[in-house]
Amino acid sequence: MIQALAQLRQQPIISAVSIIGTALAIFLIMLVVMMQQVKTAPFAPESNRDRFLHVKYMSLTNKSWGESSSSNGPMSVQTAKELYASLKTPEAVTIYMCFTEATPVCLPGQPSKSVDKLETDAQFWKVFDFQFIDGKPFDQAAFDAGQPVAVITRSVSRALFGTAEGVSGREFLLNHASYRVAGVVEDVSTLANIAYAQIWIPYTSTRVGTTSWTDGHMGYMSCTLLAKSREDFDAIREESFRRLEEYNKVIGEDGYYIIHRNRPYDQEKASINGSANREFDVARENRSRLILYLILLIVPAINLGSMTQSRLRQRVSEIGVRRAFGSTRMEIMGQILMENMVVTLMAGFWGFLMSVAFAYLGSELLFSVGYSSTYVVPRTDMSMLLHASTFGWALLFCFILNLLSTGLPAWMASRINIVTAMRGKLH
C-alpha cells in the first residue's frame, strides 16, 4: 500500500491518467451491470422477484390452421384460471391485465388527468408488497362482486384530493365512471415492470375479464405465480405442464392446442423473453453479456498495460536489486500485481460511485420504458441500484482489469536478467 502510494506521487501524470482510465472503465461496465440488475434484482413492490414465475403470453394453434400457424398473445381469464390459478404448489397466483392503459381520472366538474391503470384480481396484493399510506387493498369479496373500487398512488391522490391521507372511501371518476378509493400506496417505479401502475382496479369491474377471442382462449390477461421458495420452481413447472396436458386434451376436441414453450419463466428469463411465439435462450444471452463485459475490460486494459510498462521501466534497477537480494520471480510479480491492485481499487471505487450517481441522476436516459402509456419518468433509488451482488461485480471487474493490464508487464519485469536490470536496462 505504502509502495503503491509512493509510486503515485513519483509519477503524478501517468498515475492520474491510469486512475482516470481505470475509473472510466469501471464506470462504463457498472452502468451495463446496473441496467441489467434493475430487471432482476428485488425491490418493492417486487421484493419477491427471486420467487416469481411469470406467464405473460401464450401460443395457441389449431389443426385447421396449418402446421406453422398460431395465435400468440395474452390469455383469457378462463384460460389463466384453468392453467395456473388452479395449481396447488405455488403460494399464490395472480391474474392481471397484461399492460397498463392510459385512463382519465378526475373529480366531478374538475379537469381530468391521464394515469396508467392496471386491472387485477384480489390475489395481486398477496404477490406484490405495496406500501400502503392509507386504507387497504380491495379484498376478494369486492373483487367477486365487481365493485368499482380502486387503489391509487400518492401522486394521483394528491392530484385528485390534495392529500394522500384520509382519502379512503372517497369517490372519483375513472373514465367517467364513479369509483371509490380503497387505499393509497407509495408511487411505484416503472422499473417494477409487472406491478407498476398509478391506479389498480378489479378486472371484474369492467368488461376486460369477459373479453376473449379464438373460442374464449385468448384475451388480455397475464399471470404471476409466487413460489414458497426457488426450490419449488421445478415442482410448479411439472404441475403446470401436467395441467396443460390435461387442458389440451379438453380443448383438443375442437382442434386447439396450447404451446407452452417451457412457461412459466423465472424473473431473469421473463426479463429478456418479450415474445409470445419464441423462447429465448438465457445461456446465450448471458454469453453475449459476458462478451460485452470482456470488450469493455480488454480495451482499457491494453492502454493501462502500456502505462504500467512505462512505470516499470523506471523501476528496473530496483527490481534488479531485489532479485540480487534473493527475491524470486513470483515475489516480484506478486508485488507488482498487488501494488497495481491498490491503484485499481482506488480508481474502481471512484468509478463505482460515478456509475451509481449517473444511474440515479440519469434514470430517465438509462431506464426509460415503453409501457408507461402516460410516460412517467423512471424513478430509481438506492435500494434498486445497490445490492451485495453490485459490490461483488465491481470487485470482480477491478480484479480482472488489474490482471489484464498488469499481468503481462509484471511477468516481463520478473523475467529480466539481474545484471541487466541493475544497469537500468530492460534487455
Check Pro148 against Ser178 and note the closest heavy-atom contact, atom names and distance.
CB-O, 3.4 Å

I'd like to know if Lys117 pairs up with Glu101 as an ion pair, taking the criterion as any Lys NZ or Arg NE/NH1/NH2 lying under 4.0 Å from an Asp or Glu carboxylate oxygen.
yes

Taking the six-membered ring where the residue is Trp, are the ring centres of Phe138 and Trp125 under 6.0 Å apart?
yes

Relative to each other, are the rings of Phe128 and Phe124 parallel, tilted or perpendicular (30° and 60° limits)?
tilted

Does a donor on one side chain sit under 3.5 Å from an acceptor on the other, for Asp116 and Tyr196?
yes

Check Leu173, Ile152, Leu160 against Val105 for a side-chain contact (heavy atoms from CB on, under 4.5 Å) and give me the one that passes.
Leu160

Side chain Thr163, main chain Glu165, donor-acceptor under 3.5 Å:
yes

What residue pairs, at least two apart or across chains, pass side-chain hydrogen bond (donor to acceptor under 3.5 Å, both in side chains) with a residue in residues 209-219?
Asp215-Tyr256

Interatomic spacing from CD1 in Ile199 to OG in Ser157 - rounded to 0.5 Å
10.5 Å

Shortest non-hydrogen contact from Thr79 toward Gly216:
OG1-O, 3.9 Å

Where Thr153 and Ala197 come nearest, the two heavy atoms and their spacing:
CG2-O, 3.8 Å

Main chain of Ala227, side chain of Arg51: is a donor-acceptor contact present, judged purely on distance under 3.5 Å?
yes

Neighbour count >12 (heavy atoms, 6.0 Å) for atom OH, Tyr257:
no

Using the six-membered ring wherever Trp is involved, compare the ring planes of Tyr179 and Phe172 and label them parallel, tilted or perpendicular (cut-offs 30° and 60°).
tilted

Calculate, to the nearest 0.5 Å, the distance between atoms CD and CD1 belonging to Gln36 and Ile272 respectively.
8.0 Å

Residues Lys269, Glu285: salt bridge by 4.0 Å N-O rule:
no

Quick check: closest heavy atoms across Ala80 and Ile95, and the distance to 0.1 Å?
CB-CD1, 3.8 Å

Among Tyr220, Tyr96, Phe143, which residue satisfies the ring-ring contact (aromatic ring centres under 6.0 Å, His included) criterion with Tyr203?
Phe143

Distance in Å, Leu107 CG paired with Lys113 NZ, rounded so as to fall on 0.5 Å steps:
13.0 Å

Here the gap from Leu118 atom CG to Met97 atom CE, rounded to the nearest 0.5 Å, amounts to 8.0 Å

For the side chain of Arg243 and the backbone of Tyr84, is there at least one donor-acceptor N/O pair under 3.5 Å apart?
no

Do Thr89 and Asp232 meet the criterion of a side-chain donor-acceptor pair at a distance under 3.5 Å?
no

Is there a donor in the side chain of Glu231 and an acceptor in the side chain of Ser229, or the other way round, less than 3.5 Å apart?
yes

Heavy-atom closest contact (Ser271 atom, Lys39 atom, distance)
CB-CB, 3.9 Å

Considering the options Val127, Leu225, Thr224, which one meets the side-chain contact (heavy atoms from CB on, under 4.5 Å) requirement together with Pro90?
Leu225

Could you list the residues that satisfy side chain to side chain contact (heavy atoms under 4.5 Å, CB included) with Ser64, not counting sequence neighbours?
Asn62

Any side-chain heavy-atom pair from Gln267 and Asp50 closer than 4.5 angstrom?
no

Main-chain N/O of Ser205 paired to Gln147 side chain as donor or acceptor, under 3.5 Å:
no

Side chains of Phe130 and Val151, heavy atoms from C-beta outward: is any pair under 4.5 Å?
no

Side chains of Asp134 and Ser168: is there a donor and an acceptor less than 3.5 Å apart?
yes

With a 4.5 Å cut-off on side-chain heavy atoms, are Leu53 and Asp266 touching?
yes

Donor-acceptor contact present, side-chain Arg263 to main-chain Tyr57, <3.5 Å
yes

Neighbour count >12 (heavy atoms, 6.0 Å) for atom NZ, Lys63:
no

Considering all heavy atoms of both residues, which atom of Ser355 and which atom of Leu31 are nearest to each other, and what is their separation?
O-CD2, 3.6 Å

Is the shortest side-chain heavy-atom distance between Pro264 and Phe52 below 4.5 Å?
no

Atom CE in Met221, atom CE in Met75: separation rounded to 0.5 Å?
8.5 Å

Check this for me: Gln131, atom CD, are more than 12 non-hydrogen atoms of other residues, nucleotides or ligands nearer than 6.0 Å?
no

Side chains of Glu46 and Asn193, heavy atoms from C-beta outward: is any pair under 4.5 Å?
yes

Is there a side-chain contact between Leu24 and Met354 (heavy atoms, below 4.5 Å)?
yes

Output yes when a side-chain donor or acceptor of Asn175 lies under 3.5 Å from a complementary backbone atom of Thr103, and no otherwise.
no

Between Arg261 and Ala276 (side chain of the first, backbone of the second, donor and acceptor by atom type, cut-off under 3.5 Å), is there such a pair?
yes

Between the CG atom in Asn248 and the NE2 atom in His260, the distance rounded to the nearest 0.5 Å is 9.0 Å

Derivation and outcome, side-chain hydrogen bond (donor to acceptor under 3.5 Å, both in side chains), residues Asn277 and Ser59
CA-CA 6 Å; Asn277 59 348; Ser59 295; over 6 Å; no

Does Glu245 pair with Arg242 as a salt bridge, N-O distance under 4.0 Å?
no

Any donor and acceptor pair, going by atom type alone, linking the side chain of Arg180 with main-chain N or O of Gly169 inside 3.5 Å?
no

Mark yes or no for whether Trp200, through its side chain, and Ala195, through its backbone, hold a donor-acceptor pair below 3.5 Å.
yes

Using the ring of Phe241 (Phe, Tyr or Trp, six-membered ring only), decide whether Arg237 places NZ or CZ under 6.0 Å from its centre and within 45 degrees of its axis.
no

